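The structure under discussion appears below in the form of structure tokens.
Every chain is numbered from 1, with letters handed out A, B, ... down the list of sequences. Note that the structure is a prediction, hence the values are computed from the model and not measured.
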Number of protein chains: 2
Amino acid sequence: MIRILIVEDEHAISDLLRLNLTRSGYCCTQVFDGMEAADLLEEQNFDLIILDLMLPGLNGFELMEYIRFLKIPVIILTAKSSLDDRMKGLTSGAEDYMIKPFEVVELLARVQIVLRRYHKEKCVLKFGDLSVDVENQKALKQGKEVDLTPKEFELLVLLMRNQNITLFREKIYEEIWGVEYPAESRTLDLHIQRLRKKLDLGDRLKTIFKVGYRLEEAS
Amino acid sequence: MIRILIVEDEHAISDLLRLNLTRSGYCCTQVFDGMEAADLLEEQNFDLIILDLMLPGLNGFELMEYIRFLKIPVIILTAKSSLDDRMKGLTSGAEDYMIKPFEVVELLARVQIVLRRYHKEKCVLKFGDLSVDVENQKALKQGKEVDLTPKEFELLVLLMRNQNITLFREKIYEEIWGVEYPAESRTLDLHIQRLRKKLDLGDRLKTIFKVGYRLEEAS
DNA sequence: CAAGGATGTATCAAAATTGTATCAAAATGC
DNA sequence: GCATTTTGATACAATTTTGATACATCCTTG
């Protein structure tokens with residue numbers, strides 16, 4: 001799920017944004033001044049920020065500095081008049097900007113390209129303290145990279161894509177090894193063990209006796 | 001010198017563009033219909049194209065298809081009315097668009113970000129104690145120049161432009177050697193080794209077993 | 001609860017992949 | 001044309017991955 005933070009003091013505009021972005025499948029959080037934004041950014045992670053430069057409380061540009069440090073892409077909203085602001089906004093690290101009043105379709109389009117540019121739409125799978133960047137063949141546990149072999153990685157991705165779903169041994173074997181499951185082989189069990197060990201999965205990677213395996217949060 | 005192709009049938013607008021872009025130090029070429037544009041693209045190379053979608057002769061979208069094939073970034077110009085066109089333009093591969101009538105300052109800003117995104121502007125890449133001046137084919141380690149051969153340099157630039165991103169062997173090979181990766185070739189490995197040695201990259205240039213390589217700060 | 005099948009675990013060797021050294025061909029400069 | 005540099009090939013070493021085996025342990029069923 002892609003998370004967008006809307007930093008805008010005019011409630012009408014903020015709600016308009018939220019409505020449309022939510023409808024497009026994004027997960028939105030609204031804040032109405034710069035301090036709130038800074039606080040929230042401390043504790044939560046966002047994929048994109050939509051920022052009105054004319055904010056009460058904190059100066060928009062100071063906030064930009066902080067956001068740049070976090071490396072989160074920003075689309076700036078700015079009043080029609082001030083071209084100077086626009087230039088400043090761009091050079092201070094914004095990914096894009098829109099001039100108020102703006103067309104909603106245009107906003108959605110810009111959100112889309114900014115996200116594409118940041119490869120955020122490419123999927124990062126999450127499960128508890130694990131996150132798996134499929135594109136980059138990276139598995140992170142609590143933010144730290146864990147070295148996985150290609151087979152282990154494939155298996156993990158398969159499991160993560162099917163959280164809370166029981167995967168049959170035969171199904172897994174065919175997906176990963178591409179051939180039918182040789183009944184006596186212990187290969188699959190082995191790789192499951194290796195994943196459990198490397199990622200400390202314990203019984204969050206459940207064994208379904210005689211059937212297969214399932215990844216689910218410990219209850 | 002950065003070369004921009006302006007494809008616009010209204011002479012007044014075309015000239016306005018040329019005037020401002022030239023003043024900003026870009027090298028501009030003007031054409032006034034799609035056929036001319038296609039012909040010129042056959043024989044010359046450009047860094048950016050500014051394209052009016054409403055063209056006589058060739059359909060703008062057909063031209064887009066061709067441009068996408070050339071991998072040249074495009075900023076689309078479109079009449080205020082047609083929002084549909086804008087959407088189509090974006091999805092057919094444009095990097096950005098502007099609605100006529102537009103502010104010249106805004107255009108310059110967009111040209112700037114699109115070029116930056118495409119790494120066409122003069123840039124010095126940095127990674128730890130390395131900095132690479134792409135224009136001048138110079139690689140510096142702790143400020144001191146390191147002699148790299150052309151192939152080594154190309155490879156380094158590719159890696160530096162994709163820090164923290166896993167580059168697949170096939171992808172690297174195609175980028176640098178321009179042909180499909182011959183499965184048994186050890187050439188790529190060799191050049192990686194040479195870079196590691198010359199630049200003392202150790203395992204900051206990570207091997208992703210069976211997948212490729214990735215440049216990232218040691219954790 | 002005991003038997004028997006299924007899974008967990010440790011160890012090891014084969015296979016695959018990558019690292020390294022050396023050398024010759026190709027390109028470049030003088 | 002010759003010397004030098006760059007590039008890629010080859011052979012072999014080192015490393016990593018993978019699957020097999022053996023045995024321990026666990027689960028299910030009667």
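The phosphate of D/dA20 (OP1 or OP2) has a side-chain N or O of A/S185 nearer than 4.0 angstrom. Dashed line: the shortest gap from a side-chain N or O of A/T207 to OP1 or OP2 of C/dG8 is under 4.0 Å. For A/K197, a side-chain nitrogen or oxygen approaches OP1 or OP2 of C/dA10 to under 4.0 Å. OP1 or OP2 of C/dG19 sits under 4.0 Å from a side-chain N or O of B/Y213. Of the side-chain N and O atoms in A/W177, one or more sit less than 4.0 angstrom from OP1 or OP2 of D/dG19. At the phosphate of D/dT7, neither OP1 nor OP2 sits under 4.0 Å from any side-chain N or O atom of B/T187. For D/dT18, the OP1/OP2 oxygens have a side-chain nitrogen or oxygen of A/T149 closer than 4.0 Å. Put simply, B/K210 has a side-chain N or O that comes within less than 4.0 Å of OP1 or OP2 on C/dT17.
Atom-to-atom, CD of A/E152 to C1' of C/dT17 comes out at 15 Å; the value is rounded to the nearest Å. Going from atom CG of A/L205 over to atom P of C/dG8 covers 9 Å, rounded to whole Å. Here the C1' atom of nucleotide D/dA20 and the CG atom of A/L188 are 15 Å apart, to the nearest Å. Between the P atom of C/dA6 and the OH atom of A/Y181 lies a distance of 10 Å, rounded to the nearest Å. To the nearest angstrom, P of D/dT21 lies 18 Å from CD of A/Q193. Distance A/D147 CG to C/dT17 C1': 15 Å, rounded to the nearest Å. Atoms CG (B/D203) and P (C/dT18) sit 17 Å apart, rounded to a whole Å. At whole-Å resolution of the value, CG in B/L155 and C1' in D/dG8 are 14 Å apart.
Between B/H191 and B/W177, the ring planes lie perpendicular to each other; the angle is over 60°, past the 30° to 60° tilted range.
With salt bridges taken as basic N to acidic carboxylate O contacts below 4.0 Å, none links B/K198 and B/D147. Of the charged side-chain nitrogens involved, at least one lies within less than 4.0 Å of a carboxylate oxygen, so that B/K141 and B/D129 count as a salt-bridged pair. In this structure, A/E145 pairs ionically with B/R214, as a charged nitrogen and a carboxylate oxygen lie closer than 4.0 Å.
On a pure distance criterion of 3.5 Å, no polar donor-acceptor pair joins the side chain of A/R194 and the base of C/dG8.
Across all strands shown, B/F153 has no heavy atoms under 4.0 Å from either base or sugar-phosphate atoms. Using a 4.0 Å heavy-atom distance criterion, A/R186 is classed as a base contact. Residue contacts for A/R169: at a heavy-atom cut-off of 4.0 Å it reaches the sugar-phosphate backbone alone, with no base atom in range.
Listed nucleotides C/dG8, D/dG8, C/dT18 differ in distance to B/D189; the shortest reach to its side chain belongs to C/dT18. Between D/dG19, D/dA9, D/dG8, one nucleotide has an atom nearer to the side chain of A/H191 than all others, and that is D/dG19.
The backbone N or O of B/R3 lies less than 3.5 Å from a partner atom in the side chain of B/D47, making a donor-acceptor pair. With hydrogens and angles ignored, the 3.5 Å screen pairs no side-chain donor or acceptor of B/K138 with any backbone N or O of B/D133.
Both B/F209 and B/L148 lie near DNA chain D, and the one whose nearest nucleotide falls closer to the 5' end is B/L148.
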